[in-house]
There are 2 protein chains.
Amino acid sequence: MDELDLGVFSEALEKSKTVILGANCSVKYSGRAESSLGFGDRVVIIKSDKTLLVHQPTGSNPINYMKEGSVHRIFKEGKQLIMRSSNIALKEFMDICIKKVYFFNVRGLEDNEKIQLNGTEQHMAEMIYNNPALVEKGFRPLSMEEHTKFGFIDVFGYDRENTLVVIECKRYSGDPKAVDQLKRYVEKVREAKGLVKVRGILACPKLSPAARQMLEKEGFEYRFVKPPKYLEKYDADQKKIGEYSDSDA
Amino acid sequence: MDELDLGVFSEALEKSKTVILGANCSVKYSGRAESSLGFGDRVVIIKSDKTLLVHQPTGSNPINYMKEGSVHRIFKEGKQLIMRSSNIALKEFMDICIKKVYFFNVRGLEDNEKIQLNGTEQHMAEMIYNNPALVEKGFRPLSMEEHTKFGFIDVFGYDRENTLVVIECKRYSGDPKAVDQLKRYVEKVREAKGLVKVRGILACPKLSPAARQMLEKEGFEYRFVKPPKYLEKYDADQKKIGEYSDSDA
DNA sequence: GGGGAGAGATGCCGC
DNA sequence: GCGGCATTTCTCCCC
């Protein structure tokens, strides 16, 4: 379908179908920020929830977009087509000026599936909670991923000397921001409990030089922990992880 | 095009064309994390740089993706098609199992345009640098957006009493992370210069309650500043912003 | 709806 | 390549 039938387009939006458009176009956007993009070949997608994406032929992210619930209409202006989108609630506006249409697809799509994802920071916290020896012998977790009154702490517990321990997990490299975050939680716990000594531990598979320096300066500790991957071994009912040794306990 | 011609597909990838596929499919991914997604209707895009995106009919973000430079091949397995993608360098792998094809487009797309974006944090820093009175009377900026030896400081300068000032800009609401960041820079400058007093200012259009409390506790200050929007008034050569008054200077 | 934090974040720039 | 940081971040969860 090389031609863009305005009636088909309007009907597609009305019926919450998905629209895919390959076209040479330019884009102007104004809302939270402002942007301008000259003419080039792009893929434009309007989803059933009225999300609009403009994709260049390279890169992971859309170069321009409008959020869910936007309103789109299309009209002729001389030889060109204008696709005008607006989201009044968010005060966002976009004009796509279309010079040439390469392809045009309309299709109702149905998808009620949700993704199951493993190896996130939350899974790291669970793993540590269920395998305290990953931190150290005698560590006794109290909570994980909980909105405590001290903030959202990944893993919270006592060490063998009954000193409180705050653990911040990062699934990738520990960086200055992660140490900032750990420090903020540790200080909040110290103040709230009136304690002098609360331990802070950063658990991640890697540590940046600046982060290491900050950790040392604050008297915090580092533990090498990798996010768990257990797609085949994962039991959705039990959520048990049996492959991590507790031999140090 | 309702049929997916395996030859057309292979040739498209070879010639760096863009492939758009509407299909009922399931997705499994393994790499930095692991994920599993049951059958549903989706749009699959392979870009000329071999980025792969899987989009559900709602939402801004791809539900699954492979990064630039991945390798994709497709083959029949019984009644179904398997699209297998891998990125050896990143140790990432994906299988898309295709049950039904709704549409299939192949097209070479060309786009050398780059977006011009206004109203970013960098523009806020430029605006303050060029209009110091936005901070206060007598403020003298030294640098902006520079990798100083104290870190990457948005705006750095002296106040009228020759006290050093570190300014952190945020284009949206100032939050605890922003105060952490400001604090880190201020402390670095203090230590490096052996100073007792270095001022910290958070410049943003909004401040969260927790951030306000942290600012006060640290003795830092808040300035109401909005990111500039000046699409029509922007002069690319001069980069001057004339609409902000300097009457306080 | 706002606040707080993660993300398979991505993208950009600098070293 | 890694480090550090912004993003029209987006998304989720909780208040």
Side-chain angles (χ1 to χ4, degrees), chain A residues 27 29-35 51-52 54 58-68 87 89-94 114-115 117-125 145-147 151-154 168-178 180-181 184-185 206-212 227 229, chain B residues 29-35 51 53 58-68 87 89-94 114-115 117-125 145-147 151-154 168-178 180-181 184-185 206-212 227 229:
Chain A
V27 187
Y29 155 79
S30 176
R32 282 169 293 177
E34 292 173 336
S35 74
T51 299
L52 182 150
V54 181
T58 60
S60 295
N61 282 352
I63 190 68
N64 278 115
Y65 58 91
M66 294 287 285
K67 286 189 173 174
E68 179 183 3
N87 191 312
L90 300 173
K91 291 182 192 165
E92 302 222 293
F93 306 92
M94 184 180 294
K114 286 191 176 166
I115 198 165
L117 186 61
N118 292 313
T120 66
E121 188 179 298
Q122 189 187 323
H123 293 113
M124 284 181 74
E145 293 278 319
E146 257 180 43
H147 288 272
F152 185 86
I153 296 176
D154 286 345
E168 173 62 32
C169 300
K170 289 295 161 197
R171 69 179 310 289
Y172 194 51
S173 185
D175 61 10
K177 274 183 294 186
D180 276 344
Q181 202 180 344
R184 178 148 39 92
Y185 295 152
K206 228 176 123 193
L207 200 56
S208 81
R212 182 178 295 276
K229 294 181 191 175
Chain B
Y29 154 80
S30 176
R32 280 172 293 176
E34 292 173 335
S35 75
T51 298
L53 307 172
T58 62
S60 295
N61 281 350
I63 190 69
N64 277 114
Y65 56 92
M66 293 289 283
K67 286 190 174 174
E68 176 183 5
N87 191 312
L90 300 174
K91 291 181 191 163
E92 302 221 292
F93 306 92
M94 183 180 295
K114 286 192 176 167
I115 198 165
L117 187 60
N118 293 313
T120 66
E121 187 178 299
Q122 189 184 326
H123 294 113
M124 286 180 73
E145 293 280 320
E146 255 180 44
H147 288 275
F152 185 87
I153 295 176
D154 286 345
E168 174 60 33
C169 300
K170 287 297 159 196
R171 69 180 310 285
Y172 195 50
S173 184
D175 61 8
K177 272 183 293 186
D180 275 344
Q181 204 180 344
R184 176 149 40 92
Y185 296 153
K206 228 177 124 192
L207 200 57
S208 82
R212 182 177 296 277
K229 294 182 189 176

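Proteins get letters first, then strands, A, B, ... in listed order; numbering begins at 1 in each. Owing to the predicted nature of the structure, the values given are computational and were not obtained by experimental measurement.
- Looking at A:D180 and B:K177, their side chains never come closer than 4.5 Å, going by heavy atoms from C-beta outward.
- For the pair B:Y29/B:E92, a side-chain contact is recorded, criterion being any heavy-atom separation below 4.5 Å from C-beta on.
- Counting heavy atoms from C-beta on, the side chains of A:H123 and A:R171 never come closer than 4.5 Å.
- Taking the 5' to 3' direction, DNA chain C first and last meets chain A under 4.0 angstrom from a heavy atom at C:dA5 to C:dG11.
- Here A:K206 lies in heavy-atom contact (under 4.0 Å) with sugar-phosphate atoms only.
- Annotation: C:dA5 and C:dA9 have their C1' atoms spaced 13 Å apart (nearest Å).
- Shown here is B:Y172, whose OH atom has no more than 12 heavy atoms of other residues, nucleotides or ligands within 6.0 Å.
- Side-chain contact between A:V54 and A:P62 is absent, with no heavy atoms from C-beta onward closer than 4.5 Å.
- Remark: C:dG8 base-pairs with no nucleotide in the shown strands. Criterion, Watson-Crick or G-U wobble with two distances under 3.5 Å.
- C:dG4 and C:dG8 are spaced 23 Å apart, taking the P atom of each and rounding to whole Å.
- The shortest side-chain heavy-atom distance between A:E145 and A:D154 falls under the 4.5 Å cut-off.
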Subject >> Per-nucleotide protein contact string for nucleotides 5-15 of chain D, where B marks a base within reach and S marks sugar-phosphate only (heavy atoms under 4.0 Å, - for neither) >> reply: SSSBSSS--S-
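- A:K170 places none of its side-chain heavy atoms less than 4.5 Å from the side chain of A:M124.
- Not one N or O on the side chain of B:K91 forms a donor-acceptor pair closer than 3.5 Å with the backbone of B:S30.
- Of the C1' atoms belonging to D:dT8 and C:dG14, the separation is 25 Å, rounded to the nearest Å.
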